[in-house]
Protein chains: 2
Amino acid sequence: MYTSMQTNLKPLDRRQNTASQAYAQLRAWIISGELRPGQVISEPKMAMTFGVSRTPIREVFKRLQDEKLLDIFPQQGTVVSPIDIALVRSNQFIRETLELRTIALTATHAGPQDIAGLHAQIQAQKQLVEAGDHRRFFAADDHFHETLISIAGQPTVWKTIEDAKAQIDRVRHLSLEDPDWLRRIFTEHLAITDAIAHHDTTEAVAAMQAHLHTVFAAIDKIAQAHPHFLKKDQRTEAPAF
Amino acid sequence: MYTSMQTNLKPLDRRQNTASQAYAQLRAWIISGELRPGQVISEPKMAMTFGVSRTPIREVFKRLQDEKLLDIFPQQGTVVSPIDIALVRSNQFIRETLELRTIALTATHAGPQDIAGLHAQIQAQKQLVEAGDHRRFFAADDHFHETLISIAGQPTVWKTIEDAKAQIDRVRHLSLEDPDWLRRIFTEHLAITDAIAHHDTTEAVAAMQAHLHTVFAAIDKIAQAHPHFLKKDQRTEAPAF
DNA sequence: AGAGGTTTACTTGTATACAAGTATGCAAAC
DNA sequence: GTTTGCATACTTGTATACAAGTAAACCTCT
């Protein structure tokens, strides 16, 4: 590598390194709400928790800061980011904008195999709903949306949506969605799939928009039930004289 | 910080730390093409260049890896990411999708003050075009687009577009745009502003779409003039038998 | 001359030590 | 009682040392 260049590099990351594992774990804890908004954490303590040194943990903290999941205050400490409702709404706008355009393409481009694949996913989701398996249904939900975007011919757009989704999913988890949330989401997925199967672009877009808007209920819920999870200047905003 | 929590944190980063400065510099070098796609770099050498240790440089490398501007191969080395045309097109799709929706909102929401502000920017751009100041016109271009998005009521969406733009701008710079590029961009900005001033949503969207599509010429240009800057599997793809 | 094993230099990943800064708590002075 | 100053413990930022792995170069043997 240090004499010639681009000879035969191996892009293989066969073994996940320490930092990657810690990142996945810590990110999941934040999004799921196990680490609550406002909670103070530190590099040394987290390093102890994972049984590693500060170095890989520090990398993780920086990444999570970029994702606005951690707020690092130099020489002071690090806290799990409070919920920034303005940011959540902005990310929701981004997700909605991208998914509404792609779903229209999906309704147009979807071939028989694609539609069959979606129906198979719907069946799998149905079983998860009946089993009440929230965790796996959540993963199936992601897979469903990723598939729709892939059918639209823009597979890598999912990465951007995944980033935007982090803030949104945090609100969903913290708002403790009601028990029949699974069934409602499933019904909406069914409507989207039906519209695509009939190549009804207008209906597909409408169904997707309705589907994505369910998050606003969660936002209202958390704003009322857990105001201390919100960013300070949002809950202490004095009336502007 | 370590006993009580969220008392009076200072979000102030008055002095940029070493890592932030190195990040801005290195990112600019990559996007501007001073560091060319495929070029091999290493943490110790770059640390020497900046006169710091590996630690802050390592942070920078990780961030740039997340942005897909660097490819880090463990125990082998780090290269400036080759141009991934599929990624460029995907990012272009993302930018276009977001800016086409926001420009429609801009045309609707723009008030007299907003329109006056845009006209002022147009005047400033005109002077930069006549002066042939590419660097400052480029900054003015960013400011113009950010303003349009802000008028639409989605100011933070610009951050996402800024991320997507990195790959796109790299292609623009490397394709060595022709001298009257400034004038053409300026003319397109003028058309967008006029449409907004007349609250002509349809025309505003059309003008923005035309404006954003100029990058495709740059993609074709770089694919022909500098194929060695492209990702390997894109330029060596053998005909599929 | 050519093939194969070894050495060597370089790479990133991780651990540790030190530096600089901040907030808490206590003690002393008023 | 209040305030001021300081010691202390904790925080993140940076520097350095070591570990693990890769690849080119070289040296030896055939």
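By convention in this document, chain letters (A, B, ...) are assigned in the order of the sequence lines, proteins followed by strands, and residues within each chain are numbered from 1. Any value given below was found using the heavy atoms of this structure, including those in side chains, with hydrogens, waters and symmetry copies removed.
Using a 4.0 Å heavy-atom criterion, one finds that A:Ser42 contacts the sugar-phosphate atoms exclusively. Residue contacts for B:Ile41: at a heavy-atom cut-off of 4.0 Å it reaches the sugar-phosphate backbone alone, with no base atom in range.
Atom CD of A:Gln39 and atom P of D:dT11 are 13 Å apart (whole Å). A straight line from CZ of B:Arg58 to P of D:dT16 spans 17 Å, rounded to a whole angstrom. Spacing between atom CZ of B:Arg54 and atom P of D:dT16 amounts to 12 Å, rounded to whole angstrom units. To the nearest angstrom, C1' of D:dT14 lies 15 Å from CD of A:Glu59. Remark: P of C:dC10 and CD of B:Glu43 are 16 Å apart, rounded to the nearest angstrom. As rounded to whole Å, 11 Å separates atom C1' of C:dT14 from atom NZ of B:Lys62. Atom CD1 of B:Ile72 is separated from atom P of C:dT12 by 8 Å (rounded to the nearest Å). B:Leu70 has its CG atom 13 Å from the C1' atom of C:dT12, to the nearest Å.
The phosphate of D:dA23 has OP1 or OP2 within less than 4.0 Å of a side-chain N or O from B:Gln76. Taking side-chain N and O atoms only, B:Lys45 has a distance below 4.0 Å to OP1 or OP2 of C:dT11. Taking side-chain N and O atoms only, B:Ser53 has no distance below 4.0 Å to OP1 or OP2 of D:dT14. Neither OP1 nor OP2 of D:dT16 sits under 4.0 Å from any side-chain N or O of B:Thr55.
Between A:His189 and A:His145, the ring planes lie perpendicular to each other; the angle is over 60°, past the 30° to 60° tilted range. Classified by interplanar angle (parallel below 30°, tilted 30° to 60°, perpendicular above 60°), the ring pair A:His226/A:His228 is perpendicular.
The only option from B:Leu98, B:Asn91, B:Asp163, B:Thr160 that meets the side chain to side chain contact (heavy atoms under 4.5 Å, CB included) definition with A:Thr160 turns out to be B:Thr160.
Residue-to-nucleotide contacts include no donor-acceptor pair under 3.5 Å from the side chain of A:Gln75 to the base of C:dT22.
Distance CD1/A:Ile30 to CG/A:Leu69: 5.0 Å, rounded to 0.5 Å.
Donor-acceptor pairing under 3.5 Å is lacking for the side chains of B:His213 and B:Gln92.
Taking only side-chain atoms of A:Pro56, from C-beta outward, the nucleotide of C:dT12, D:dT14, C:dT14 with the closest atom is C:dT14.
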